[in-house]
Novice: 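The following block contains the structure, expressed as structure tokens.
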Amino acid sequence: MDLGIKGKVALVAASSKGLGKAIAFALAGEGVNLSIFSRSKDSIELTASEIRRGGFQVDILPSVADVTDKEQIDEVIEATVEKFKGIDILINNAGGPPFGFFEDFESHDWQNALQLNLLSGIYLSRKIVPLMKKQNWGRIINITSVAVKQPIDGLILSNTSRAGLIGFSKTLSNELGEYNILVNNICPGRIYTDRIKTLAEKRAVQLGIKYEKAIEEMEKDIPLGRIGTPEELAALACFLASDKASYITGTTIQVDGGLLRGLF
Ligand SMILES: NC(=O)c1ccc[n+]([C@@H]2O[C@H](COP(=O)([O-])OP(=O)(O)OC[C@H]3O[C@@H](n4cnc5c(N)ncnc54)[C@H](OP(=O)(O)O)[C@@H]3O)[C@@H](O)[C@H]2O)c1
């Protein structure tokens with residue numbers, strides 16, 4: 001299927017690894033030019049060169065920036081617009097906040113989590129929406145977590161900050177409909193990236209079991225019986241970013257192999 005986005009420009013945040021990287025690859029496969037960034041120069045340049053080696057007919061601009069640093073984000077946006085003359089697709093993504101329970105955290109931990117998983121997406125949207133409005137076309141896709149539908153024990157920082165992003169993006173989708181800018185959220189369940197590997201390693205140590213056993217434990221309550229791949233999530237991101245998703249906005253869709261048991 002031709003998704004109809006060849007030649008468009010995507011800014012993919014936090015894209016040197018994991019979900020962001022897989023989304024960048026999938027968009028490149030659709031002929032979308034890419035501005036990608038993360039905090040590590042080596043990692044983001046490595047990812048850019050891997051995508052270039054993929055033989056896609058696209059241009060790539062890798063940058064070093066922290067999603068929580070407004071000046072660095074401004075610089076990325078400026079460089080992107082200078083190179084590509086606009087931004088059509090914004091993928092809001094970041095790392096995840098630390099694991100822990102209510103009494104484990106101080107005020108600065110709460111502020112950092114809100115900055116990382118809520119305010120960064122709001123800031124990027126604030127800067128890029130005016131560009132999208134001018135062209136009467138835009139896609140904003142937020143990478144969140146199934147925690148927005150069912151809070152996950154031991155992840156109170158994530159549960160709290162991501163819920164705010166859902167309220168923000170649903171409201172934004174209402175406001176931006178008339179400009180043909182669509183705003184949607186993707187909720188990963190358990191997708192095999194460094195974040196899941198770290199979690200499995202910790203569980204293995206805590207329970208005194210092997211890493212493979214910890215992964216098996218994590219797969220037990222997933223109806224599809226396995227952890228997902230980043231490419232499986234990237235496929236949805238690509239579709240939502242496309243012209244084919246032209247009547248889908250304000251949604252929050254999980255990619256979780258059936259992990260969540262609720263109706264919505
Ligand atoms: N994988 C899952 O199963 C799963 C499930 C639920 C939710 N999520 C959420 O989905 C998001 C992506 O997860 P992932 O699994 O892809 O994680 P990952 O494999 O650990 O990759 C995180 C990426 O984000 C970049 N990054 C982290 N903090 C950043 C920051 N402050 N500024 C800019 N870039 C930053 C990292 O690169 P640098 O280190 O170079 O900055 C890396 O490229 C996270 O918010 C995670 O909590 C994931």
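In listed order, ligands and their atoms are each counted from 1. All of these numbers come straight from a predicted model, not from anything done at the bench.
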Novice: Distance under 4.0 Å, heavy atoms only, partner ligand 1: which residues pass?
Specialist: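 Contacts of ligand 1 under 4.0 Å: A14, S16, K17, G18, L19, S38, R39, S40, A65, D66, V67, N93, A94, G95, G96, L116, N117, I143, T144, S145, R162, P188, G189, R190, I191, T193, D194, R195, I196.
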Novice: Thinking salt bridges, do K21 and E50 make one under a 4.0 Å N-O criterion?
Specialist: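 Result for this pair is yes, salt bridge flagged.
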Novice: For F168, is the NZ or CZ atom of R162 found under 6.0 angstrom from the centre of its six-membered ring and inside 45 degrees of the ring axis?
Specialist: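 R162 over F168 ring: no.
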Novice: Considering residues at least two apart in sequence or located in another chain, which fulfil the salt bridge (charged side-chain N to carboxylate O under 4.0 Å, His left out) criterion with K149?
Specialist: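 With neighbours one apart ignored, the set is empty.
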Novice: Are any of the side-chain nitrogens in D243 or K8 under 4.0 Å away from the carboxylate oxygens of its partner?
Specialist: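 No, D243 and K8 are not salt-bridged.
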Novice: Under the criterion salt bridge (charged side-chain N to carboxylate O under 4.0 Å, His left out), which of E219, E232, E216 is the partner of R226?
Specialist: E232
Novice: Salt bridge or not between E45 and K41? Use side-chain N to carboxylate O under 4.0 Å.
Specialist: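 Yes, this pair counts.
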